[in-house]
Amino acid sequence: MAKKYWLMKSEPDAYSIDDFKGDKTTYWDGIRNYQARNFMMKDMQVGDEFIFYHSNAKPPGAAGVGVISKAAEPDPTQFDKKSKYFDEKSKTDNPRWHCVTCKFKSKFKTFIPLPELKEMKPLKNMMLLQKGTRLSIQPVSAKEFEHIVKLGQAQ
DNA sequence: GCCAACGTTGGC
DNA sequence: GCCAACGTTGGC
């Protein structure tokens with residue numbers, strides 16, 4: 001299957017591109033939305049690349065690139081009573097939530113704030129820019145991905 | 001901090 | 001299966 005491209009949101013107060021850079025790989029846990037989970041479980045493959053997006057930031061925007069390094073597996077935080085992601089309805093023999101493992105690829109030389117993304121004509125159909133889209137994991141087309149990466153790598 | 005948009009829950 | 005109430009996301 002062809003390589004796919006994604007956009008994954010993270011609040012930099014909780015986990016920023018610099019945290020990701022320092023960790024090199026991270027477990028993308030804490031996803032508690034069925035649509036986002038389904039993308040991870042059904043459509044993501046090892047080798048897919050994604051835009052690391054800072055949400056709820058000043059300003060929000062595209063911060064870097066990562067690669068999926070391990071397919072979805074049960075999210076351990078759902079069984080951890082001390083975790084804020086604990087889900088009492090999820091059973092160990094039938095886990096409700098899964099998460100992928102991601103590897104850091106690059107941090108953009110130029111952070112691309114959301115208002116700039118909105119001005120880019122090639123990106124006008126991006127799910128991120130549609131009104132009311134809150135999904136924390138969403139697909140992007142190869143063209144959209146390349147366009148953003150080109151902007152991010154420019155000095 | 002506000003609020004619009006959307007998802008989830010639960011009563012019926 | 002409908003829908004009101006509530007919670008969350010996330011830009012501003």
Side-chain angles (χ1 to χ4, degrees), chain A residues 4-23 26-44 48-68 71-102 104-141 143-145 147-152 154:
Chain A
K4 294 196 196 62
Y5 298 94
W6 306 92
L7 180 142
M8 294 169 70
K9 296 181 186 173
S10 181
E11 301 193 11
D13 286 346
Y15 197 83
S16 73
I17 187 74
D18 290 317
D19 294 326
F20 191 22
K21 189 179 182 179
D23 286 351
T26 188
Y27 224 27
W28 207 273
D29 58 15
I31 298 297
R32 294 294 179 268
N33 170 284
Y34 286 106
Q35 258 183 291
R37 182 206 66 175
N38 289 343
F39 281 136
M40 286 200 291
M41 287 178 70
K42 296 178 181 169
D43 296 324
M44 273 187 185
D48 283 0
E49 295 188 49
F50 64 92
I51 305 283
F52 189 104
Y53 177 86
H54 280 178
S55 66
N56 243 324
K58 292 172 195 165
V65 177
V67 187
I68 307 302
E73 53 197 353
D75 180 346
T77 63
Q78 68 194 306
F79 306 122
D80 180 0
K81 278 190 179 156
K82 282 175 285 191
S83 170
K84 67 169 180 167
Y85 298 122
F86 175 67
D87 184 348
E88 60 176 3
K89 291 175 192 159
S90 186
K91 300 284 179 287
T92 45
D93 57 354
N94 184 23
R96 186 185 274 204
W97 305 111
H98 290 67
C99 60
V100 294
T101 305
C102 304
F104 175 80
K105 185 173 178 193
S106 64
K107 178 182 173 177
F108 286 159
K109 291 188 184 119
T110 308
F111 179 83
I112 311 160
L114 181 61
E116 268 182 51
L117 294 173
K118 284 181 176 166
E119 285 170 16
M120 303 294 164
K121 285 226 168 66
L123 304 180
K124 69 176 194 303
N125 291 322
M126 267 186 85
M127 200 185 275
L128 176 73
L129 306 180
Q130 308 308 309
K131 198 179 173 185
T133 303
R134 302 182 320 191
L135 204 55
S136 59
I137 294 179
Q138 43 185 268
V140 300
S141 73
K143 275 187 183 160
E144 291 159 353
F145 181 86
H147 191 81
I148 294 172
V149 168
K150 198 185 275 183
L151 290 170

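Being a predicted model, the structure only gives us computed values, none of them experimental. Below, chains carry the letters A, B, ... as their sequence lines are ordered, and counting in each starts from 1.
At least one side-chain heavy atom of A:E73 sits under 4.5 Å from a side-chain heavy atom of A:Y27. For the pair A:K124/A:L129, no side-chain contact is recorded, criterion being any heavy-atom separation below 4.5 Å from C-beta on.
Ion pairing between a basic and an acidic side chain is recognised when a charged N comes within 4.0 Å of a carboxylate O; A:D87 and A:R32 show no such pairing.
Protein chain A contacts DNA chain B over a range whose 5' and 3' limits, counting nucleotides with an atom under 4.0 angstrom from a non-hydrogen atom, are B:dA5 to B:dT9.
Panel note: side chain A:H54, backbone A:I17; a donor-acceptor pair is recorded below 3.5 Å. Within the 3.5 Å criterion, the main-chain N or O of A:A63 finds no donor-acceptor partner in the side chain of A:K107. Using a distance-only test at 3.5 Å, with no hydrogens or angles considered, a donor-acceptor pair links the side chain of A:Q138 to the main chain of A:L128.
Put simply, the residue from A:T77, A:D75, A:I137 that forms a side chain to side chain contact (heavy atoms under 4.5 Å, CB included) with A:I31 is A:I137.
The aromatic rings of A:W28 and A:Y15 stand perpendicular to each other, their planes meeting at an angle above 60°, with 30° marking the opposite boundary.
When each of A:R96 and A:N56 is assigned the nucleotide of DNA chain B bearing its nearest heavy atom, the one mapping closer to the 5' terminus is A:N56.
Listed by residue number, the members of residues 116-139 of chain A with any heavy atom below 4.0 angstrom from DNA chain B are A:K131, A:G132, A:R134.
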